[in-house]
Amino acid sequence: MNVIFKGLVIGLVSLGMLFIGSWTSAQAASKTVKLPTSIKGTWYGYVGKRNVQGHKIYEIDRLTFKKDRLTITMYETRKQSLHALRWQGSNVTAVHYTQKSKGVYRVKPRQLDGGTLMTIRTRRVNVKALGQKRQALKLADGDGVSYAFRQPLLSHVWNGDIL
């Protein structure tokens with residue numbers, strides 16, 4: 001009798017956990033929004049430069065926003081024109097997007113206890129190197145604000161590790 005009671009209690013608890021788990025994911029999924037096409041796609045951020053054995057090495061990060069994932073690819077090059085990029089590594093994260101306010105979106109990892117990776121929005125900023133205004137993606141995390149552009153530019157150095 002005691003074994004049947006324990007089995008019944010364990011069955012009810014697991015059924016309750018299944019119900020709560022499905023309710024939480026449905027609730028989280030209902031708050032997600034589609035990312036606008038103006039933000040989707042590939043963006044580049046200038047991480048900075050460093051000297052290695054007397055050569056300047058320029059570091060670039062490429063962010064690719066898709067409907068359900070964020071891909072971050074790290075590149076470096078010796079050319080100041082930021083051509084001939086050499087791949088250094090990649091990171092793919094499953095994400096979903098929520099809307100904070102009009103035109104402002106939060107990027108959150110698809111984990112149960114995942115916080116906000118960053119807040120993103122499009123904005124026109126003045127590019128120092130070219131002396132003209134360009135469309136940029138404003139990335140805000142807990143440490144500060146950085147900008148990413150549709151092509152690699154030697155402008156707006158990312159402060160620290162944005163991601």
Roughly how far apart are [X] [atom1] and [Y] [atom2], rounded to 0.5 Å?
{"X": "His96", "Y": "Lys108", "atom1": "NE2", "atom2": "NZ", "answer": "6.0 Å"}
{"X": "Arg106", "Y": "Ile120", "atom1": "CZ", "atom2": "CD1", "answer": "12.0 Å"}
{"X": "Leu63", "Y": "Leu137", "atom1": "CG", "atom2": "CG", "answer": "7.5 Å"}
{"X": "Arg134", "Y": "Phe149", "atom1": "CZ", "atom2": "CZ", "answer": "8.5 Å"}
{"X": "Tyr105", "Y": "Thr119", "atom1": "OH", "atom2": "OG1", "answer": "12.5 Å"}
{"X": "Thr73", "Y": "Asp61", "atom1": "OG1", "atom2": "CG", "answer": "8.5 Å"}

Kindly determine whether Asn51 and Lys56 satisfy side-chain contact (heavy atoms from CB on, under 4.5 Å), including the steps that lead there. CA-CA 5 Å; Asn51 285 323; Lys56 290 181 185 175; 3.4 Å; yes
Thr116 side chain near Met118 side chain, heavy-atom distance below 4.5 Å: no
Any non-hydrogen side-chain atom of Val104 less than 4.5 Å from a side-chain atom of Lys102? no
Walk me through it: do Leu139 and Asp141 pass the test side-chain contact (heavy atoms from CB on, under 4.5 Å)? CA-CA 7 Å; Leu139 309 167; Asp141 64 350; over 6 Å; no
Distance-only side-chain donor-acceptor flag, Tyr58 / Arg78, under 3.5 Å: no
Look at atom NZ of Lys138 and say whether more than 12 heavy atoms of other residues, nucleotides or ligands are closer to it than 6.0 Å. yes
Could you tell me whether Lys67 atom NZ has more than 12 heavy atoms of other residues or ligands within 6.0 Å of it? no
Distance to the ring centre below 6.0 angstrom and angle to the axis at most 45 degrees; does that hold for Arg150 and Trp43? yes
According to ring-ring contact (aromatic ring centres under 6.0 Å, His included), who are the partners of Tyr44, at least two apart in sequence or on a separate chain? none
Which residues share a ring-ring contact (aromatic ring centres under 6.0 Å, His included) with Tyr147, sequence neighbours left out: His156
Evaluate side-chain contact (heavy atoms from CB on, under 4.5 Å) for Thr42 paired with Phe65, printing each intermediate quantity in order. CA-CA 7 Å; Thr42 302; Phe65 292 96; over 6 Å; no
Taking every non-hydrogen atom, the tightest pair across [X] and [Y]:
{"X": "Trp158", "Y": "Ala148", "answer": "CZ2-CB, 4.2 Å"}
{"X": "Thr93", "Y": "Pro109", "answer": "CG2-CB, 4.4 Å"}
{"X": "Met74", "Y": "Ser90", "answer": "CE-N, 4.0 Å"}

With side-chain contact (heavy atoms from CB on, under 4.5 Å) as the criterion, how do Ile60 and Leu82 come out once you've worked through the C-alpha distance, each side chain's angles and the decisive distance to 0.1 Å? CA-CA 8 Å; Ile60 299 292; Leu82 302 181; 3.7 Å; yes
Using modelled atom types and a 3.5 Å cut-off, is there a donor and acceptor pairing between side-chain atoms of Thr77 and backbone atoms of His83? yes
Under-4.0 Å salt bridge between Glu59 and Arg50: yes
Is [Y] reachable from [X] through a run of I, L, V, M, F, W or Y residues, each pair having side-chain heavy atoms under 4.5 Å apart?
{"X": "Val33", "Y": "Leu117", "value": "yes"}
{"X": "Trp87", "Y": "Val92", "value": "no"}
{"X": "Tyr75", "Y": "Ile57", "value": "no"}

